[in-house]
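Let me begin by presenting the structure, written as structure tokens, before commenting on it.
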Amino acid sequence: MTSKEMSKGKSFQNRATGWKYSVWARYLLFLFLVILFYVSLSSKLLPERYDIQEGTRSEVDIVAPMQIPNNKATLKAQEEAAERVQPIYQIVQMRNENLMTTLLDRIDRLNQDDQISSQDKIDIYRDEIPQRQKDFVSNYINNNRKTGTYSDTLLEEIRNVVQEQSYRIPEETYIKISRLTSDDIQEMKPVARDIVARLMTDQVSEATTARAKVAEMVSASSLSKRTQREVVQELTRLVVTANRFYDEEGTKEAKVQARENTPTVFIKQGDPLVSKGEIITPEMYALLNENDLLKNEVNYWPQLGLLLFSCMLSAAILMFIQQGSGTHFKYNNAQLLMLVLIFIISIVVMYVTALIQTNERPFIGFLAPVAVGAMLIALLLDTSLAFVCSILIGILSSIILNTHQGQLFDFELGFFAVVVSFVAIFATHRASQRSTILKGAIMVCLFGSLAVFTLALIDTGDWNRTTTLYGIGYAFAGGVLTAILVIGLMPFFETSFGILSALKLVELSNPNHPLLRKLLTETPGTYHHSVMVGNLSEAAAEAIGANGLLCRVGSYYHDIGKTKRPIYFIENQNNMENPHDSIDPKLSKSIIVAHARDGVEMQKDYKLPKPIRDIAEQHHGTTFLHYFYHKALRQAEEAGIEPDFTEEDFRYPGPKAQSKESAIVGIADSVEAAVRSLRKPTVEQVESMIEKIIKGRLDDHQFNDCDLTMRELDIVAKTLKETVMGIFHSRIEYPEEIKKPKPTSPEAG
């Protein structure tokens, strides 16, 4: 292939993959993510508005977008509650027996005064006894008005009732009173007080009712004289008053309390407000207007709030990725597109669950496999990003699965989503087999159930034994659904986006893969070399935090191109002459460098992921084939001709290593070949050889396109030395003074 053809091929490849690294495409994806959040949350946070007029027929069915108050029904319920309030009565204890004592004491003193005639006494009693009864009531009312024991309204009610139910003593009773002796009065006093006290212990609304009992009680008393009984009977009827009075203010206050304590009547979410074809009445129009369901007023503030909220969610992801990416963006646009698809899947499974969720059964929300998104991100992208996205998924689930009216978020479902997502990430972030997903699902089931049980213990108001058991059951089932979805979606993402997950890497490392079987059967020497390079590169990569598993699997396939011309590579030349000894060095160089390109083509035929192909293409970079270059120079000198080639003609076509993994595999490849060329390697030889190889590549600028640091190269050198000593310990000699043998192998690795 000419350089012009290669340039055209690279140009086409750049155009085909250019969108993956386009800044505009990147920000368009984040804009799409904002739109996704806005659209998915708008139905939950922004009720639909209708262009409708009073008196017209509705063209659509209008249902309550959420639980909304029904003011008309609430007012009706309040009035009904007020009407059910019974009148409030106050029991007033005026101690009427004290009035009886006062009257009898006055009669005793006046009857003992001989200077007053009997007629005058009768006149005095006729005026004074009723007046004393009135004064007694008035004094009681005035005293309570001062102390504020009862309201003025109640005190006026007492005055009016007592006045209306006042008793008039017969005229002949006054004559009998004037004839009572002091002994008679002293005998009457305890009996009269006792009768009055007993009558006033009952609730008396009508004094007439109590007065009807007086005659019987007096007859049953200890009084023996008829005059005594008659006087006590009449005085008791005068003294006894009502003690149970209607409290108007108390009744009004009770009605007010009844109205205030009446719960608001709500129209449940999903209940019809207006049916299609129904005429919009003023009441319906008012109800729609009160709940902002009409387009009569333009109000974009809720939309603006939701847009800002969606922007903040998307910005959280952008800032996290950018903050941890240094000067360049961490993920290409294909990976960002996959992230968007994962969010779409997470939102869809939430909405599917919400379809079967009801206000009466909010615990069905625990069935949602909300951990799917976090698990996929952890397996396909990055663990740290998965933790951040788990929090966002928790926020989304607390809104989408929220059935509580009057609140934006359901803390319980949000908390549950974050818990199961974190557990899923922890259980699967180092997954190396498909069975690990099942183990992670079991962890999700257990911790999800534990989270539900914990919430039930904390919030005893909304949970009971039945709802707790249902919630635990749904949480357990949600974990099973998570495993099913993740196992089903993983191949789709791996194939569609060329994602090389740890699970895919383990599958590719299976010796039964057709390419590895071909490598083993046709080039056993190269196969053994590749396995050794895998061991070395994996240890070195893990020492600096790179992807060790990718290095191992990439090493297995990095020399697969040698299967096309196996005998031209030193490790496959067993008991045979080296064919390079009899061919032109330029041809040898072409055969050697072709194995990288051939390997890439073979891997493309078997649809191996790009990171594996990159390692095969880049592990030699643009390194120089010293052996064949100097052989060509020597032949030109012997032939006495001027060399028609330069050093550049004896270099690999590249590209240079673009990742740490490709660079590490390239170093390990050279180290393994070099150590294998030594007959009796020593520790000093191994250490010196590793340093020489790394320094040579560094001086040749082979690491310019990857982000390996000097510190990481030192760690790689140290790790490779330790690993080589561990692998080849039976061959390495440890005495300090030992002659170093000369390498005999050409640069055919």
Side-chain angles (χ1 to χ4, degrees), residues 62-94 137 140-141 144-145 147-165 199-210 212-213 240-275 278 280-293 358-362 403-407 459-464 466-467:
I62 302 177
V63 298
M66 61 185 68
Q67 183 174 278
I68 59 178
N70 189 336
N71 294 334
K72 182 179 179 181
T74 301
L75 288 174
K76 182 180 179 181
Q78 289 175 345
E79 292 304 318
E80 291 176 352
E83 291 175 1
R84 290 193 296 269
V85 172
Q86 298 298 320
I88 304 298
Y89 289 90
Q90 291 284 357
I91 306 301
V92 177
Q93 299 294 342
M94 291 190 289
V137 175
Y140 180 82
I141 291 173
N144 280 277
R145 181 174 283 116
T147 59
T149 305
Y150 301 110
S151 65
D152 291 342
T153 305
L154 179 60
L155 293 175
E156 288 302 317
E157 177 71 10
I158 294 172
R159 186 191 301 277
N160 294 334
V161 170
V162 172
Q163 185 175 353
E164 290 174 1
Q165 299 179 5
L199 288 172
M200 296 305 294
T201 56
D202 296 331
Q203 296 185 14
V204 181
S205 298
E206 293 289 338
T208 306
T209 304
K213 301 177 182 179
V240 170
T241 61
N243 63 0
R244 182 172 179 265
F245 301 96
Y246 172 68
D247 187 354
E248 183 178 356
E249 288 193 5
T251 303
K252 289 180 179 179
E253 181 65 25
K255 289 181 179 292
V256 171
Q257 290 294 327
R259 291 188 182 95
E260 292 178 353
N261 293 333
T262 301
T264 304
V265 178
F266 288 97
I267 300 173
K268 294 182 179 180
Q269 182 180 7
D271 285 355
L273 298 177
V274 180
S275 300
E278 189 175 2
I280 305 300
T281 64
E283 292 79 8
M284 292 178 182
Y285 189 84
L287 179 62
L288 296 175
N289 188 40
E290 290 170 359
N291 292 279
D292 296 327
L293 296 176
T358 62
N359 293 334
E360 293 75 20
R361 293 179 174 84
T403 59
H404 299 288
Q405 304 302 322
Q407 62 185 49
D459 187 7
T460 57
D462 294 337
W463 293 82
N464 54 44
T466 302
T467 57

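Taken to the nearest 0.5 Å, the CD atom of Gln90 stands 10.5 Å off from the CG atom of Leu155. Between the OG1 atom in Thr262 and the CG atom in Leu75 there is a gap of 10.0 Å [rounded to 0.5 Å]. Taken to the nearest 0.5 Å, the OH atom of Tyr150 stands 14.0 Å off from the CD atom of Glu157. One distance of note links CZ of Arg159 with CD of Glu164; it measures 13.0 Å at 0.5 Å rounding. Between atom OG1 of residue Thr149 and atom CG of residue Leu154 there is a gap of 10.5 Å, rounded to the nearest 0.5 Å. Residue Arg145 holds its CZ atom at 5.5 Å from CD of Glu156, rounded to the nearest 0.5 Å.
Considering only residues two or more places apart in sequence or on other chains, Ile88 meets the side-chain contact (heavy atoms from CB on, under 4.5 Å) condition with Asp247, Thr251, Ala254. Under the salt bridge (Lys or Arg N to Asp or Glu O under 4.0 Å) criterion, Glu249 pairs with no residue at all, not counting sequence neighbours. Residues forming a side-chain contact (heavy atoms from CB on, under 4.5 Å) with Glu248 (at least two apart in sequence, or on another chain): Thr153, Tyr246, Lys252.
Judged by distance alone, the side chain of Gln165 and the main-chain N or O of Ala207 form a donor-acceptor pair under 3.5 Å.
Here the shortest heavy-atom pairing between Ser205 and Ala242 reads O-CB, 3.5 Å. Nearest heavy atom pair, residue Val204 against residue Thr241, reads CG1-O, 3.9 Å. The shortest heavy-atom contact between Tyr140 and Asn144 is O-ND2, 2.8 Å. When all heavy atoms of Gln93 and Asn243 are compared, the closest pair comes out as NE2-ND2, 4.4 Å.
Salt-bridge annotation for Arg259 and Glu79: present, with a side-chain N of the basic residue lying under 4.0 Å from a carboxylate O of the acidic one.
The environment of CD in Gln163 is sparse: at most 12 heavy-atom neighbours from other residues, nucleotides or ligands sit within 6.0 Å.
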**Prompt:** Are Asp202 and Lys213 close enough, and set up right, to give a side chain to side chain contact (heavy atoms under 4.5 Å, CB included), and what steps lead you there?
**Reply:** CA-CA 12 Å; Asp202 296 331; Lys213 301 177 182 179; 4.0 Å; yes
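Side-chain atoms of Lys72 and Lys76, non-hydrogen and from C-beta on, never get closer than 4.5 Å to each other.
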